[in-house]
Amino acid sequence: MSETNDKGRRSFLAAVSTGWALFTAASVAGLGMCVRFLFPNDTFEPATKFKVGYPADFAASNEGVVDKRYKTRGIWIVRTLDGFFVLSTVCTHLGCTPNWLEAEKKFKCPCHGSGFYSSGINFEGPAPRPLERFKVSLAADGQLEIDKGKKYQQEKGQWDDPESFLKMEYSV
Ligand code: FES
């Protein structure tokens with residue numbers, strides 16, 4: 001075999017080896033990305049815990065003033081003269097979102113007409129039970145903190161749980 005042929009064969013083999021090495025590296029990198037895609041760090045679930053401002057930001061009344069600012073996050077904050085509780089915006093009939101009617105002092109569900117008092121207790125329509133409440137507490141910085149990961153159902157006696165109500169007398 002001539003020296004020229006031998007050189008050509010060696011450079012061909014070197015090119016093939018380099019090609020395989022690059023292909024293997026790209027495959028491993030691609031596989032790694034697929035595995036990362038299957039197990040992402042972030043779940044993109046909205047946080048269940050969030051702050052909603054300072055107690056002084058909320059008006060109060062005896063039966064409770066309903067604050068609608070966080071309805072898009074699935075809650076109403078109700079401030080009574082004794083403290084705070086937080087209601088879920090999910091109707092307990094079939095899951096529609098009721099509206100707070102200030103003039104009538106009630107939540108009214110547009111789907112089948114269920115009505116709830118500002119306390120969350122159901123009193124008209126097909127809803128079989130009161131609205132659910134979420135945990136409310138005071139964060140270290142003095143703001144109200146809601147935890148939608150913890151819910152309380154009146155019919156199970158869970159509204160007696162101290163975490164379902166934040167005691168705080170209203171002072172002007
Ligand atoms: S979903 Fe609210 S009354 Fe039916």
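First listed ligand is number 1; within each ligand, the first listed atom is number 1.
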Would you please say whether a donor-acceptor pair under 3.5 Å links the side chains of Lys68 and Asn99?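 Side chains of Lys68 and Asn99: no pair found under 3.5 Å.
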Please check: side-chain N/O of Thr80 versus main-chain N/O of Gly64, any donor-acceptor pairing under 3.5 Å?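 No; zero donor-acceptor contacts below 3.5 Å.
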For Gln158, is there any backbone N or O sitting under 3.5 Å from a side-chain donor or acceptor partner on Asp161?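 Not at all, since once roles are kept as given, no pair shorter than 3.5 Å links the two residues.
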Test: Arg133 cationic atom under 6.0 Å from Tyr152 six-membered ring centre, within 45° of axis: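 No, cation not above the ring by the 6.0 Å, 45° rule.
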Kindly give the heavy-atom pair with the smallest separation between Pro55 and Gly142, and that separation in Å.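 Minimum heavy-atom contact is CD-O, 3.3 Å.
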Please, which pairs that meet ring-ring contact (aromatic ring centres under 6.0 Å, His included) have at least one residue in residues 86-107, sequence neighbours excluded?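 Residue pairs with at least one partner in residues 86-107: Trp76-Phe107, His93-His112, Trp100-Phe107.
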Protein N, O or S within less than 2.8 Å of atom 4 (Fe) of ligand 1, waters excluded: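 The answer, once waters are left aside, is His93 ND1, His112 ND1.
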